[in-house]
Amino acid sequence: MTFDISGDLQGFFLCHCSRCRKDTGSAHAANLFFASARLNWPSGEEHIRHFRLSGSRHAKCFCTKCGSALPFEQAEDDVVVVPAGSLDGPIGMKPSARICFSSRADWDDDLAALEKIDGLPG
């Protein structure tokens, strides 16, 4: 599966809202936002599934073959949202902010202080 994006990188954010935490099963979603952008699928488009939460701006796309999170267009905002983990190469920048921070999980404090293990524990 491959995708191309045309547009300007607007920001890179870690979102702690409850919906993003549920989407990822983690502490936050890590998304790049491209303004005035278009998304093109040279291959694999037939494996994409879209989900949009009724009554909200929340959306999610994923691959039906591997389950990976995929980019999606927010047409109402003229924005393409790209899950940072969906990119194979380096991004070349760090997130600029942790958004919806007051909604973070109760266990999401001082995670940088945890032990760092290069492989699996044990």
Side-chain angles (χ1 to χ4, degrees):
M1 171 157 315
T2 58
F3 59 87
D4 300 314
I5 300 163
S6 61
D8 298 319
L9 180 59
Q10 185 178 21
F12 182 7
F13 300 104
L14 304 180
C15 183
H16 293 269
C17 79
S18 64
R19 182 58 54 194
C20 283
R21 286 188 285 116
K22 288 181 185 294
D23 274 356
T24 63
S26 187
H28 58 266
N31 291 313
L32 298 151
F33 292 82
F34 290 81
S36 301
R38 292 289 167 244
L39 182 57
N40 179 48
W41 297 96
S43 68
E45 190 170 11
E46 68 275 12
H47 301 295
I48 299 170
R49 291 297 175 268
H50 301 267
F51 170 78
R52 186 166 300 276
L53 185 62
S54 179
S56 78
R57 293 175 47 199
H58 188 79
K60 179 177 182 160
C61 286
F62 63 94
C63 174
T64 60
K65 286 185 76 173
C66 69
S68 294
L70 296 173
F72 60 91
E73 292 179 283
Q74 283 188 328
E76 63 274 8
D77 297 325
D78 199 23
V79 168
V80 171
V81 179
V82 179
S86 70
L87 301 173
D88 291 331
I91 295 172
M93 68 184 295
K94 293 185 184 265
S96 49
R98 296 172 72 179
I99 61 176
C100 300
F101 191 69
S102 63
S103 297
R104 72 188 180 282
D106 63 351
W107 48 266
D108 186 7
D109 279 328
D110 201 23
L111 296 181
L114 293 175
E115 178 183 5
K116 292 161 183 68
I117 303 170
D118 287 334
L120 296 173

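Separation of atoms SG (Cys20) and CG (Asn31) is listed at 6.0 Å; rounding is to 0.5 Å. Distance SG/Cys63 to CD/Glu45: 12.0 Å, rounded to 0.5 Å. For the atom pair Phe72 CZ and Arg52 CZ, the distance stands at 7.0 Å (nearest 0.5 Å). In this structure, CZ on Arg104 lies 14.5 Å from CD1 on Ile99, to the nearest 0.5 angstrom. Residue Lys65 holds its NZ atom at 8.0 Å from CD of Glu46, rounded to the nearest 0.5 Å. Taking NE2 of His58 as the start and OG of Ser18 as the end, the distance is 9.0 Å to the nearest 0.5 Å.
Counting only heavy atoms from C-beta outward, the side chains of Pro71 and Trp41 approach each other to under 4.5 Å. A 4.5 Å side-chain heavy-atom check between Lys60 and Leu70 finds every atom pair outside the cut-off. Residues Met1 and His47 meet the side-chain proximity criterion, which asks for heavy atoms closer than 4.5 Å.
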Exercise for review: Apply side chain to side chain contact (heavy atoms under 4.5 Å, CB included) to Thr64 and Ile48, showing your working.
Suggested key: CA-CA 6 Å; Thr64 60; Ile48 299 170; over 6 Å; no

Practice item. Please test Phe34 against Val82 for side chain to side chain contact (heavy atoms under 4.5 Å, CB included), starting from the C-alpha separation and ending with a verdict. Key: CA-CA 8 Å; Phe34 290 81; Val82 179; 3.8 Å; yes

Practice item. Begin from the C-alpha positions of Asp4 and Arg38 and carry the test side chain to side chain contact (heavy atoms under 4.5 Å, CB included) through to its verdict. Key: CA-CA 8 Å; Asp4 300 314; Arg38 292 289 167 244; over 6 Å; no

Can you give each donor-acceptor pair under 3.5 Å made by side-chain atoms of residues 7-16, sequence neighbours left out, with the distance rounded to 0.1 Å?
unit_1	atom_1	unit_2	atom_2	d
His16	ND1	Ala27	O	3.2
His16	ND1	Asp108	OD2	3.0
His16	NE2	Arg98	NE	3.1
His16	NE2	Arg98	NH2	3.4

Mind listing the side-chain donor-acceptor pairs of residues 110-122 below 3.5 Å, one per line with the distance, residues two or more places apart or on another chain?
unit_1	atom_1	unit_2	atom_2	d
Lys116	NZ	Ala112	O	2.8
Lys116	NZ	Leu114	O	3.4

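Between the Gln74 side chain and the Val80 main chain, no donor and acceptor come within less than 3.5 Å of each other.
A continuous path of hydrophobic side-chain contacts links Phe3 to Leu32 [ILVMFWY only; heavy atoms under 4.5 Å].
When all heavy atoms of His50 and Cys61 are compared, the closest pair comes out as ND1-SG, 2.8 Å. In terms of heavy-atom proximity, Ile91 sits nearest to Ala84 at CD1-CB, 3.7 Å.
For the 3.5 Å distance criterion, the side chains of Ser43 and Thr2 qualify, holding a donor opposite an acceptor.
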